[in-house]
There are 2 protein chains.
Amino acid sequence: MKEQTDPLYLEDLHIGQRFTSGSYVMEAARIKQFAAEFDPQPFHLDESAAQASLFKGLAASGWHTAAVAMRLLVTGELRFANGFLGLGGEIAWPRPARPGDTLHVESEIIEITPSRSKPHQGIVTVRSTMLNQTGEAVYLLTAKLLVVRRPT
Amino acid sequence: MKEQTDPLYLEDLHIGQRFTSGSYVMEAARIKQFAAEFDPQPFHLDESAAQASLFKGLAASGWHTAAVAMRLLVTGELRFANGFLGLGGEIAWPRPARPGDTLHVESEIIEITPSRSKPHQGIVTVRSTMLNQTGEAVYLLTAKLLVVRRPT
């Protein structure tokens, strides 16, 4: 794990560069509260209903998991000078995040495409994996980010 | 807009079938509160900082926008008997959602793939667009969902 404090510009990045995040503990109360607001389905709201569902126990909404991953990314090593500006990407939830899970995110730069029309910026593709305490992936994000060059 | 009350099973679906949602108003206070918890970047937290950023005004976190879309999907016409169970998909944010925006989601079934190994279920691909009050897309989601057949 490389120490990273200075914000990153496009020219600081290379393919294969890796970054990690701090950790976050998923709590049952927050799982239910998030779900009540944004994803009100029984398996995210209530232990008994969740036990009877395909999840076989309370599971965080995938969008709660995604939001936690964003928090870990934004507060982790991978800090861009212009912020973490996502244009879009691909997501997957190989398994649910559960109450008590301690999660962290590992990221790798997989593509860097300087803009032809806007020479001061480019698109950087970052592949991130959120892992639980036993090293199982609970969330995959491949994001396209807008990253600027260092001002000259 | 077709009235839809009965939950949907795999055999109720066909390609090209469309569904709509209710609406949701984005509020500045909730935008900032969500960002403070999950996406603490200046352009989601503070009007002045947002004005000076690429967004030129307060913008909702893309993950807040995604979470609101999920709320609209889960509470809209497209209700599956086994719930809205996403395996993953593709996302994009063509423009930010702003305070005061009234958002709704329009969805279309674009692919149906019955499982070979598990004959009681299949994967359904749903393309959803979240639009603001002037009809501009603020969020695109193409999601792969697990949908079960009607029990026999």
Side-chain angles (χ1 to χ4, degrees), chain A residues 24 30 33-45 49-50 52-55 59 61-75 79-96 118 120-121 137-148, chain B residues 24 30 33-45 49-50 52-55 59 61-75 79-96 118 120-121 137-148:
Chain A
Y24 186 100
R30 190 70 192 97
Q33 195 184 28
F34 186 100
E37 184 174 3
F38 295 118
D39 190 353
Q41 302 197 81
F43 37 74
H44 300 317
L45 292 167
S53 78
L54 180 138
F55 288 112
S61 165
W63 302 104
H64 186 188
T65 304
V68 166
M70 187 60 178
R71 183 192 170 87
L72 290 171
L73 284 168
V74 167
T75 58
R79 303 213 191 179
F80 299 105
N82 61 314
F84 211 98
L85 274 181
L87 305 173
E90 287 175 36
I91 51 178
W93 298 280
R95 62 180 60 70
K118 296 179 179 171
H120 61 289
Q121 67 186 49
V138 298
Y139 176 60
L140 311 175
L141 167 67
T142 302
K144 291 195 183 300
L145 306 171
L146 181 66
V147 180
V148 298
Chain B
Y24 185 100
R30 190 70 192 95
Q33 195 183 29
F34 187 99
E37 184 174 4
F38 295 119
D39 191 353
Q41 303 197 80
F43 37 75
H44 300 318
L45 292 167
S53 79
L54 179 137
F55 288 112
S61 166
W63 301 104
H64 187 186
T65 303
V68 166
M70 187 61 177
R71 182 192 171 86
L72 289 170
L73 284 167
V74 167
T75 58
R79 303 213 192 178
F80 299 104
N82 61 314
F84 211 99
L85 273 181
L87 306 174
E90 288 174 36
I91 51 178
W93 298 280
R95 61 180 61 69
K118 296 179 180 171
H120 61 289
Q121 67 185 49
V138 299
Y139 176 60
L140 311 174
L141 168 68
T142 302
K144 292 195 181 299
L145 306 171
L146 181 66
V147 179
V148 298

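Basis for what follows: all heavy atoms, side chains included, without hydrogens, waters or symmetry-related copies. Chain A is the first sequence line, chain B the second, and so forth, proteins listed ahead of strands; every chain is numbered from 1.
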Chain A contact via [X] - which portion, at a heavy-atom distance below 4.5 Å:
X      : value
B:A36  : backbone
B:L146 : side chain
B:V68  : both

Carefully, step by step, assess B:F55 and B:F43 under the rule side chain to side chain contact (heavy atoms under 4.5 Å, CB included).
CA-CA 7 Å; B:F55 288 112; B:F43 37 75; 3.3 Å; yes
With sequence neighbours left out, write down each residue that passes salt bridge (charged side-chain N to carboxylate O under 4.0 Å, His left out) with A:E90, or none if nothing qualifies.
none
Please look at [X] and chain B and tell me whether the side chain, the backbone, both or neither of the residue comes under 4.5 angstrom of a heavy atom of that chain.
X      : result
A:R30  : side chain
A:F84  : both
A:I91  : both
A:L140 : neither

How are the rings of A:H64 and B:F38 set to each other: parallel, tilted or perpendicular (split at 30° and 60°)?
perpendicular
When rounded to the nearest 0.5 angstrom, what is the spacing between [atom1] in [X] and [atom2] in [Y]?
X     : Y     : atom1 : atom2 : result
B:W63 : B:H44 : CH2   : NE2   : 11.0 Å
A:D39 : B:M70 : CG    : CE    : 4.0 Å
A:F34 : A:L45 : CZ    : CG    : 12.0 Å

When heavy-atom pairs shorter than 4.5 Å are enumerated against chain A, which of [options] gives the highest number?
options                    : result
B:L72, B:V74, B:T142       : B:V74
B:A92, B:P40, B:G88, B:A67 : B:A67
B:G86, B:S53, B:G62, B:P94 : B:G86

Heavy-atom pair count under 4.5 Å with chain B, highest-scoring of A:T75, A:L73, A:N82, A:L85
A:L85
